[in-house]
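Worksheet: the structure to be examined is printed underneath.
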Amino acid sequence: MTMDKSVRHSFKWVFIWMFCAMLVAVGIYLFVDPTYALEFVGCYLLEFSLSMDNVFVFLSIFASFGVPEPYQHRCLAYGIIGAVVMRFLFILLGATIVHSFSWVLYIFGFILIYSGVKMFREHGSEEPKSPHDNPVLKVLNRILPVTRDFSGNHFFTREHGRLMMTPLFAVLIVIESSDIMFAIDSVPAAFSVSSNMYVIYAANIFAILGLRQLFFVIEHMQNRFCFMKYGVAAILTFTGIKLALLIFNVHISIPVSIGFILAMLFISIVSSLIYTRKR
């Protein structure tokens with residue numbers, strides 16, 4: 001499989017962001033606290049793995065709306081900005097709740113187990129839901145109608161003197177509302193690794209900043225990652241079990257968590273590449 005220059009560029013930047021994240025981990029280890037450094041690495045790997053699942057959903061959204069590739073860049077850029085703000089609010093709220101009511105972690109655990117098992121059962125068994133069914137988009141469409149065609153890379157335009165949103169803005173709304181659903185899984189999962197809000201948010205930021213480049217890499221190789229969702233489902237289920245075990249005062253160490261996440265990523269990616277190559 002050959003790669004064009006833009007895909008190689010995206011590959012390079014994915015590794016650059018990963019390298020920057022590891023530099024931050026080293027800085028935390030040397031100048032702050034080794035425990036926080038391990039927590040940062042664990043949270044980053046967790047968020048990075050969940051980001052892969054996000055990308056597959058973004059690909060289906062762009063395909064459903066027929067978004068031309070040049071317009072996808074702008075939509076992703078604004079989507080990432082929205083995700084940075086949204087994750088901060090979710091993490092701040094989660095930290096406040098967890099510090100006030102520690103038993104909420106058990107609820108987070110069962111939510112993650114349910115999400116992981118559901119992902120296992122649904123993968124490949126049913127057709128994905130259409131992004132056009134997004135409830136936020138349906139409500140917004142009643143307030144501000146959507147034009148039939150794209151208007152360049154603009155989010156809004158005027159037709160017959162009437163302000164209307166373009167399909168590109170509709171796509172942005174669907175992406176942002178989808179990210180809220182992702183945050184419901186990813187933020188509780190991060191609390192299974194660390195209870196420090198700053199560590200969790202920093203890990204989230206680095207995972208999100210590399211999301212745009214990761215999108216174009218996976219877009220090029222999406223047919224090769226057929227088992228990726230199983231790996232993500234296993235990671236979600238593991239983090240849920242880790243939180244649920246706190247009920248019995250059983251603690252799974254951070255190095256074990258990091259090792260499991262890395263193993264699931266490695267197994268799902270390598271098995272996908274081997275299987276699709278044989279096919």
Under 4.5 Å between side-chain heavy atoms, hopping through other hydrophobics if needed: is there a path connecting [X] to [Y]?
| X | Y | result |
| --- | --- | --- |
| L243 | W103 | yes |
| I247 | L105 | yes |
| I81 | V55 | no |
| L163 | M165 | yes |
| L23 | W13 | no |

Assert yes or no for the condition that the ring centre distance of [X] to [Y] is strictly below 6.0 Å.
| X | Y | result |
| --- | --- | --- |
| F215 | F58 | no |
| F216 | H9 | no |
| Y44 | F206 | no |

### Query
Under the side chain to side chain contact (heavy atoms under 4.5 Å, CB included) criterion, do T166 and F156 qualify, and how do the steps go?
CA-CA 5 Å; T166 66; F156 297 96; 5.7 Å; no

Closest heavy-atom pair and its distance - [X], [Y]:
| X | Y | answer |
| --- | --- | --- |
| T276 | L273 | OG1-O, 3.3 Å |
| S151 | T157 | OG-OG1, 3.8 Å |
| P68 | F150 | CD-CE1, 3.9 Å |

Would a 4.5 Å heavy-atom cut-off, applied to side chains only, mark [X] and [Y] as touching?
| X | Y | value |
| --- | --- | --- |
| L265 | M228 | yes |
| C75 | V67 | no |
| L45 | I235 | no |
| R87 | E47 | yes |
| V84 | Y201 | yes |

### Message
I want to check a possible cation-pi pair here: R74 against F155, using under 6.0 Å from ring centre and within 45° of the ring axis as the test.
### Response
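Because its charged atom sits under 6.0 Å from the ring centre and within 45° of the axis, R74 does stack over F155.
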
### Query
Taking atom CG of L214 and atom CZ of F11, what is their separation to the nearest 0.5 Å?
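Spacing of CG (L214) from CZ (F11) equals 9.5 Å.
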
### Side-chain donor-acceptor contact under 3.5 Å, S10 with Q213
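Per modelled atom types, S10 and Q213 side chains form no pair under 3.5 Å.
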
If you count heavy atoms of other groups shown closer than 6.0 angstrom to [atom1] of [X], is the number above 12?
| X | atom1 | result |
| --- | --- | --- |
| F56 | CZ | yes |
| Y29 | OH | no |
| F88 | CZ | no |

### Query
Given L59 and F62, is the side chain to side chain contact (heavy atoms under 4.5 Å, CB included) satisfied, shown in steps?
CA-CA 5 Å; L59 284 168; F62 285 140; 5.5 Å; no

### Task
Could you go through the side chain to side chain contact (heavy atoms under 4.5 Å, CB included) check for L93 and L89 one step at a time?
CA-CA 6 Å; L93 177 63; L89 296 176; over 6 Å; no

### Message
Taking F191's backbone N and O only, do any of them form a donor-acceptor pair with S194's side chain (distance below 3.5 Å, no angle check)?
### Response
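Pair absent, no side-chain N/O of S194 close to backbone of F191.
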
### Task
Might you work through the side chain to side chain contact (heavy atoms under 4.5 Å, CB included) test for V270 and I274, ending with a clear yes or no?
CA-CA 6 Å; V270 172; I274 293 174; 3.7 Å; yes

### Task
Please say which of I200, T239, V41 ends up in a side-chain contact (heavy atoms from CB on, under 4.5 Å) with L46.
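Testing L46 for a side-chain contact (heavy atoms from CB on, under 4.5 Å) against I200, T239, V41 leaves exactly one candidate, T239.
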
